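Keep in mind the model is a prediction, meaning the values are calculated, not measured. All values below were derived from every heavy atom in this structure, side-chain atoms included, with hydrogens, water molecules and symmetry-related copies excluded. Residue numbers begin at 1 in each chain, while the letters A, B, ... track the order of the sequences.
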Amino acid sequence: MKIKVAKDQILKGLQITQGIIGARSTLPILSNVLVETDEDKLWLTATDLEVSVRCAIPAEIEKSGSTTLPAKTLFSIIRELSATDIAIEVDDKNSASLTSGASFFKILGLPKEEFPPLPKFDSGFAYNLDQAVLRDMLVKTSYASSSDETRQFLNGVLLSFKNDKLTAVATDGRRLALNEHDLECPKDQEADLIIPTKAVAELLHSLGSEGTVKIRAVKNQVSFEFGNLLLLSKLIEGNYPNFRQVIPSQAEHRIQIEREALFSAVKRVALLTSDRSNSVKLTFAKNKVVISAQTPDIGEAYESIPVKFTGAELNVAFNPEFIMDPLRRLTSDEVYLEFNDELSPGVIKCDTPFLYVLMPMRIG
Amino acid sequence: MRVLLHLDMDAFFASIEQHDRPELRGKPVIVGSPPDKRGVVATASYEARTFGIHSAMPSRTAYRLCPDAVFVTPRMARYAEVSDRVMAILNAFSPDLEPVSVDEAFLDLGGVLHFWPSPEALARALKQRIRDELGLSASVGIASNKFLAKIGSDLNKPDGLTLMPVDPEAVVAFLAPFPVSRIFGVGEATARILTQHGIRTIGQLQAVPRVQLVPLFGDLFARHLHDLARGLDDRPLVMDWEEKSISNETTFEEDCASPDILRQTLIELAEHVGRRLRRNGKRAKTVQIKVRFPDFKTLTRQVSLPEPINTDHELLRAGFTLYEKLAVRGPLRLLGFGVSALVLPGEAQPPRQALLFEEAPRARRQKDVRLDQAVDALREKFGKTILTRGGKAP
């Protein structure tokens, strides 16, 4: 194999593969990146056996071939090179010679055959979606997923293709974020896919604002194809909890509030909470909501925001992070708060098909 | 320099029985399984020990050695009650107290020595008070660290009082004749490896440079052996109220590769930790497991939980999640389970996060709590082997 490639192109590709390769691989081959020539481009592939990424970069191919090279070493070398072009030549012993300007490196690889094969996606399940739409859906939901490793089925985002809608849901059992997008879903292509957190993070990192993404799935694998990238991931097995049943069907009260104002008030008041007593109180009174925190040994804070409210006074306590999480990611100027009483879930909505259910804190 | 005292009650269970039942005094008493059942001696009175009977010996063997011995079934609740009183007396002498087990504790005398003419005078008064109030005898070791104090309390049993040397050279010479098994952390497996290298006594171990121990035991444990062989030990006392973690580990007699035994061991370790947590009404936010391979390579994995836990069901679920994630292949030398980030019962209850999918887990939790209470009570009364978890763990 003999190729020429631009430094910033290959660097960009290696940067993406670096995100996949774990620091503690169990198999040596998983620390390597698979390098394959293909007409006028080079494919770089990395996997941790859960999530794999394949990325194409333009290259001048003089002699086709393939090998695997230690990803971290390759990345560190190329990052430090001063010239803009790099020539790579690999012999049949998988030893690669890198020449760039006055620099020369020889690094030892492993045979391509040792690299784990990627899953094949030959079934009919396929959807096309705007990259920006998928990205937006993940941005507005993924933060609510659980990192509790004892509940693996919550360690990701559910993408549910059903009833002519794509629904993205994430929950950690304390709050739940949901976003919907109209999408034609033929009956034989309905499915619930739980995408693991690591793959979601890669998508958030790599999805752009233009172009489409093709989503395919087979039994326990999903793939996202967009731009010059192919991201493959294992699906989380297990049944996602019935999230529809925890969404309150009606609300006693609904108030409209300026998103920024609510966000920054909660952020300020939360300064006087502690790890041990991590809650802010929302007091709904005549035409205002008072956000407050009282923490023993620390102090107290109050801030009020005018809203339209006429019912009897009502207090609800929440974890301030859980209020701020959706607010900092939404874009609409106004949001709606819906609630019934101090022990029932609160709901945050906005003008787009977004919904956030939040359980209160029980005090005492 | 620290002044630490280690107190070890003499033949604790047997002495309590002899105190409570005067007719047993002066007779060989064995607390443990009856001689016609499978089971072992928990404690033998000093009269019984003259026949060569010791704890952990099968009761049948003990019976053969001394057919006249009186066998008594353990009354754990009573021993726990006496233990509480021993600890209360110790606490009156110095509040810097670390209970190690029912019949053993460390006491830091640093803050109270100025009330006494000498550490020895304090120790005499302490022993006398235990004798006056409880009718029991105890052995005491006084030294500059935990390791030496514990060796001291064992030297002149029963009713012993031993002042350990202080000068570093004297300490090294003092320790030299003892077998390596006296060193904290040296169990049968480590002792066997040392023996294979011709090291049986602490003195022989002192002669080995640390770098030669590293390939055998890894860096950390090599340092441990090297330091303790010279009587160097800077472990602090762990006061009950500031106990930051609870853990339990087992070194297998022979490296263990059986998935069933490993699973069962993990269950027992976790249950033991669970019992200790619940006994003090504590809950834990972090669960950790530890595995050590035959080459001493050691891995730990931990998980932080959104809500603190203390039921066996929850502890086992977390433990097995970690264990499965490690995907252990091949035999293990050691398996450990621990919890940290403990939440004390006395602490004011912080606001509790309500849960979305609560109904089923909550009912399940209530059942788990009741089950643990029942099991703990049975084990407290009849010993921990009375019940064993069957089938697969969650």
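More than 12 heavy atoms of other residues, nucleotides or ligands shown are found within 6.0 angstrom of CG on B:Leu378. Residue A:Lys198 places its NZ atom among more than 12 non-hydrogen atoms of other residues, nucleotides or ligands, all under 6.0 Å distant. Atom CD of A:Glu303 has more than 12 neighbouring heavy atoms from other residues, nucleotides or ligands inside a 6.0 Å radius. Atom CD of B:Glu324 has more than 12 heavy atoms from other residues, nucleotides or ligands within 6.0 Å. No more than 12 heavy atoms of other residues, nucleotides or ligands lie within 6.0 Å of CG in A:Asp297, so this atom counts as exposed by the packing criterion. Shown here is B:Asp234, whose CG atom has no more than 12 heavy atoms of other residues, nucleotides or ligands within 6.0 Å.
Taking each heavy atom of A:Met359 and B:Ala354 in turn, the nearest pair found is CB-O, 3.1 Å. B:Thr321 and A:Glu149 make their closest contact through CG2-O, 3.2 Å (heavy atoms, listed as atom of the first residue, atom of the second, distance).
With a 4.5 angstrom heavy-atom cutoff, A:Leu343 does not touch chain B via any of its atoms. For chain B, no part of A:Phe318 is nearby; none of its heavy atoms comes within less than 4.5 Å. Contact of A:Asp172 with chain B is not made at all, since no heavy-atom distance falls under 4.5 Å. Heavy-atom distances place the side chain of A:Thr171, and not its backbone, under 4.5 Å from chain B.
Side-chain atoms of B:Leu356 and A:Arg174, non-hydrogen and from C-beta on, never get closer than 4.5 Å to each other.
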